[in-house]
Q: 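Could you have a look at this structure, given as structure tokens, before my questions?
Numbers restart at 1 for each chain; the letters A, B, ... are given by sequence-line order, proteins then strands.
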Number of protein chains: 2
Amino acid sequence: VRIGIVGLGLIGGSLGLDFRDQGHFVVGVSRQPHTCDRSVSLGVVDEAGVELQRVQDCEVIFLCTPLNALVKTALSLLPSLAEETIVTDVGSAKTTIVEALEPHCPNFVGGHPMAGKAERGIEVAQRGLFANNPYVLTPTAATPPKAIETLRHLIDQLQARYYTCSPEQHDRAVAWISHLPVMVSASLIQACFQETDPTVLNLAQNLASSGFRDTSRVGGGVPELGRLMAEYNSAALLHSLYQYRQVLDGLIQQVEGQQWTALEGVLEHCEAHRPDFL
Amino acid sequence: VRIGIVGLGLIGGSLGLDFRDQGHFVVGVSRQPHTCDRSVSLGVVDEAGVELQRVQDCEVIFLCTPLNALVKTALSLLPSLAEETIVTDVGSAKTTIVEALEPHCPNFVGGHPMAGKAERGIEVAQRGLFANNPYVLTPTAATPPKAIETLRHLIDQLQARYYTCSPEQHDRAVAWISHLPVMVSASLIQACFQETDPTVLNLAQNLASSGFRDTSRVGGGVPELGRLMAEYNSAALLHSLYQYRQVLDGLIQQVEGQQWTALEGVLEHCEAHRPDFL
């Protein structure tokens with residue numbers, strides 16, 4: 001299959017490496033000439049250039065730009081594509097993307113490979129990044145089965161765990177396990193800085209260990225990514241945030257009311273059911 | 001120094017191992033005869049028994065029971081001690097403990113070695129558990145300097161990082177970095193179970209990865225420990241919870257109001273200042 005990849009960062013680059021290993025011909029597009037050169041020399045793509053039209057004769061195109069460039073890039077590219085071209089994206093929010101692109105592209109299928117690294121960019125692209133990690137497709141009633149089949153075959157070649165669901169179900173699920181944790185964790189960091197006694201703040205910083213480190217990790221991640229996930233998945237994120245606040249208020253009331261047995265009951269439920277997510 | 005350890009679990013046992021290595025004579029007390037036997041055979045103590053009075057001629061006594069047994073155990077023991085006996089504890093909350101015991105014991109000094117493991121009990125006691133970890137003493141204006149000096153010398157022998165502050169400052173600091181994270185993290189687990197669509201909940205469980213795992217870790221910890229820290233540090237914990245809720249509400253308002261630049265600003269502050277705690 002001739003595969004186009006628009007946006008040569010960690011995700012686009014890692015897709016290129018795996019697809020080339022499988023014998024596909026991979027064409028890359030990046031706005032930065034330097035990134036195009038590096039992608040060819042790193043073996044991420046067979047050829048690359050800055051012109052979107054370079055991928056127009058590909059059979060399958062992966063849109064791998066950041067979320068905020070995705071729709072605009074797609075709308076520039078779509079008019080030059082044949083009707084049968086399959087287009088997918090890798091954004092972490094799906095409803096807004098699918099609603100924007102499906103009317104313009106009969107063979108568009110939303111996608112979300114759930115793999116990542118702390119670092120970004122083409123230099124950290126790696127083989128096998130998606131292996132054993134989830135890769136979600138979010139077709140709609142209008143999506144041609146053949147487009148889903150073709151993408152599923154490619155996803156299998158990545159050795160990823162394939163899931164399919166509606167865009168809305170995807171967005172609610174990732175709000176719970178990916179976007180809500182960022183907000184919860186960032187609020188923890190930010191809350192500590194509300195401490196008004198500098199001695200206590202300093203002591204807290206000295207005493208913090210693995211518990212604080214783990215709970216605060218995703219809240220201290222790349223700000224732009226956190227902002228984009230909130231912006232493009234705001235409806236599902238708000239739903240999760242409201243539920244979270246209600247649960248938190250319940251715990252606060254238990255502490256206020258010294259309902260220690262009830263509090264321990266909630267913590268027992270957490271201990272028992274956290275493994276459902278691991 | 002003749003050292004007494006009351007409560008032979010992970011912390012008490014690990015103190016015993018290190019102090020014996022330093023040449024001290026260590027006497028242990030546990031309510032369970034089996035634990036006494038194991039402590040002797042594991043080399044954690046020189047001798048052990050179920051009677052509190054067994055430690056009465058020790059120069060320094062470490063109270064290492066769970067928080068909810070601490071004051072009661074101390075009040076049983078104190079009348080049989082000489083006035084110059086130094087007594088300390090290892091509880092994770094200090095104000096309530098110090099207020100309860102200081103009037104009955106002139107040489108009582110609150111303490112908190114901040115080291116732990118997922119497992120509990122004498123079988124997982126280990127040498128060097130406290131090395132490079134914080135060990136906080138919380139003397140008051142009434143504490144004799146000689147008691148602090150003696151304990152500091154022992155803490156140095158554990159190669160722990162020594163800190164000293166008031167009981168109230170300790171409690172506020174650990175509320176931020178240890179007790180609040182448990183509540184924040186437990187609320188995350190519990191919130192996910194508010195999802196009413198079983199397909200979405202199942203999908204969320206399948207898609208959860210390292211971000212969810214880390215953010216939920218301390219919330220899925222031992223329920224009894226979470227309950228005890230809330231119970232014995234409820235004032236400082238509530239203060240932190242209120243501040244946290246206010247910060248969370250601010251983030252929710254930013255998402256509701258689509259204030260993406262302001263949201264990114266908060267996330268930038270988190271990214272920049274999380275390292276202050278690491």
Q: Given heavy-atom pairs under 4.5 angstrom as the criterion, report whether the side chain, backbone, both or neither of A/Leu251 touches chain B.
A: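 The side chain, not the backbone.
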Q: Is a side-chain donor-acceptor pair under 3.5 Å present for A/Gln194 with B/Tyr242?
A: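 There is no such pair between these side chains.
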Q: Can you measure from OG (B/Ser185) to CZ (B/Arg217) and round to the nearest 0.5 angstrom?
A: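 The OG atom of B/Ser185 sits 8.5 Å away from the CZ atom of B/Arg217.
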Q: Out of B/Val218, B/Val222, B/Val184, return the one with the most heavy atom pairs under 4.5 angstrom to chain A.
A: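 Most heavy-atom pairs under 4.5 Å with chain A: B/Val184.
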Q: Non-hydrogen atoms of chain B under 4.5 Å away: do they reach the side chain of A/Glu168, the backbone, both or neither?
A: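 A/Glu168 has no heavy atom closer than 4.5 Å to chain B.
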Q: Highest number of heavy-atom pairs under 4.5 Å with chain B: which of A/Trp260, A/Tyr244, A/Phe212, A/Phe193?
A: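 Most pairs with chain B among the choices: A/Trp260.
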Q: Tell me, for B/Ser210 versus chain A, whether the close heavy atoms (under 4.5 Å) come from the side chain, the backbone, both or neither.
A: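 Answer is both: backbone and side chain atoms of B/Ser210 are under 4.5 Å from chain A.
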Q: What distance separates B/Asp171 CG from B/Met229 CE, expressed to the nearest 0.5 Å?
A: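 That separation rounds to 12.0 Å.
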Q: Select one option (side chain, backbone, both, neither) describing which atoms of A/Asp197 are under 4.5 Å from chain B's heavy atoms.
A: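 Interface part for A/Asp197: side chain.
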Q: Go through A/His269, A/Gln205, A/Gln254 and name the one with the most non-hydrogen pairs under 4.5 angstrom from chain B.
A: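 When all of A/His269, A/Gln205, A/Gln254 are compared, A/Gln205 has the most.
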Q: Distance check, rounded to the nearest 0.5 Å: A/Thr164 atom OG1 versus B/Leu203 atom CG?
A: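 Interatomic distance, A/Thr164 OG1 to B/Leu203 CG, rounded to 0.5 Å: 9.5 Å.
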Q: Name the member of A/Thr261, A/Leu237, A/Ile252, A/Leu278 that forms the most heavy-atom pairs with chain B at distances under 4.5 Å.
A: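 So the answer, after comparing A/Thr261, A/Leu237, A/Ile252, A/Leu278, is A/Ile252.
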Q: Drop me the distance from A/Leu248's CG to A/Gln253's CD, to the nearest 0.5 angstrom.
A: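 It is 10.0 Å, given to the nearest 0.5 Å.
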Q: When rounded to the nearest 0.5 angstrom, what is the spacing between CD in A/Gln126 and CG in A/Leu17?
A: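 Reported to 0.5 Å precision, the distance equals 9.0 Å.
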Q: How close do B/Pro181 and B/Trp176 get, heavy atom to heavy atom, and via which atoms?
A: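 Nearest pair, atom of B/Pro181 first, then B/Trp176: CD-O, 3.1 Å.
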Q: In terms of heavy-atom pairs under 4.5 Å with chain A, which of B/His112, B/Met183, B/Glu195, B/His273 leads?
A: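 Maximum pair count with chain A is reached by B/Glu195.
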Q: So, for B/Thr138 and B/Gly111, which heavy atoms are closest and what is the spacing to 0.1 Å?
A: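 For B/Thr138 and B/Gly111, the tightest heavy-atom pair comes out as OG1-N, 4.5 Å.
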Q: Heavy-atom pairs under 4.5 Å with chain A: which of B/Gly250, B/Gly220, B/Cys270 has the most?
A: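 Between B/Gly250, B/Gly220, B/Cys270, the count favours B/Cys270.
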Q: For A/Pro113 and A/Val90, which heavy atoms make the closest approach, and how far apart are they?
A: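 Looking at all heavy atoms of both residues, the shortest contact is CD-CB, 3.5 Å.
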Q: For a quick test of reading the model, state the closest non-hydrogen atom pair linking A/Ala125 to A/Gly13 and the distance between them.
A: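 Closest heavy-atom pair between A/Ala125 and A/Gly13: CB-C, 3.6 Å.
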Q: If every non-hydrogen atom of B/Pro134 is compared with every non-hydrogen atom of A/Leu207, which pair is closest and at what distance?
A: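 Shortest heavy-atom separation between B/Pro134 and A/Leu207 comes out as CB-CD2, 3.5 Å.
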Q: Which bit of A/Cys165 comes within less than 4.5 Å of chain B, counting heavy atoms only: side chain, backbone, both or neither?
A: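 Contact with chain B is through the side chain of A/Cys165 alone.
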Q: Let me know if B/Leu188 has heavy atoms under 4.5 Å from chain A in its side chain, its backbone, both or neither.
A: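 When you check distances to chain A, atoms from both the backbone and side chain of B/Leu188 fall under 4.5 Å.
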Q: So if I take each residue of residues 153-163 of chain A and look for any heavy atom under 4.5 Å from a heavy atom in chain B, which residues do I end up with?
A: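 Listed by number, the contacting residues are A/Arg161, A/Tyr163.
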Q: Which residue out of B/Asn202, B/Val255, B/Asn206 racks up the most heavy-atom pairs below 4.5 Å with chain A?
A: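 Greatest number of close heavy-atom pairs with chain A: B/Asn206.
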Q: Applying side chain to side chain donor-acceptor pair (under 3.5 Å) between B/Asn233 and each of B/Arg172, B/His179, B/Lys94, report the one that passes.
A: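 One option only clears the test, and that one is B/His179.
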Q: Is there side-chain contact between A/Tyr232 and A/Asn68, with at least one heavy-atom pair below 4.5 Å?
A: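 Heavy-atom side-chain distance check passes, below 4.5 Å.
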Q: When rounded to the nearest 0.5 angstrom, what distance separates CG in A/Asp214 from OG in A/Ser216?
A: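 Rounded to the nearest 0.5 Å, the CG-OG separation comes to 8.0 Å.
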Q: If you count heavy-atom pairs under 4.5 Å with chain A, which of B/Val174, B/Thr199, B/Thr215, B/Val136 comes out on top?
A: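 Heavy-atom pair counts peak at B/Thr215.
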Q: Quick one: does B/Thr65's side chain have a donor or acceptor within less than 3.5 Å of a partner on B/Gly7's backbone?
A: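 No, the answer is negative, given that no donor and acceptor are paired below the 3.5 Å cut-off.
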Q: Any idea which of B/Arg227, B/Glu224, B/Met114 has the most non-hydrogen atom pairs under 4.5 angstrom with chain A?
A: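 Winner by heavy-atom pair count: B/Arg227.
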Q: Tell me, side chain or backbone of A/Leu241 under 4.5 Å from chain B's heavy atoms, or both, or neither?
A: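 A/Leu241 touches chain B through backbone and side-chain heavy atoms alike.
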Q: Between B/Gln258 and chain A, which part of the residue has a heavy atom less than 4.5 Å away: side chain, backbone, both or neither?
A: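 Contact with chain A is absent: no heavy atom of B/Gln258 under 4.5 Å.
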Q: Using a 4.5 angstrom heavy-atom cutoff, name the option from A/Leu267, A/Val266, A/Ile189, A/Ile177 with the most pairs to chain B.
A: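 The residue among A/Leu267, A/Val266, A/Ile189, A/Ile177 with the greatest pair count is A/Ile177.
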Q: Specify which of A/Ala186, A/Ala230, A/Cys192, A/Gly211 makes the most heavy-atom pairs with chain B at under 4.5 Å.
A: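 Heavy-atom pair counts peak at A/Cys192.
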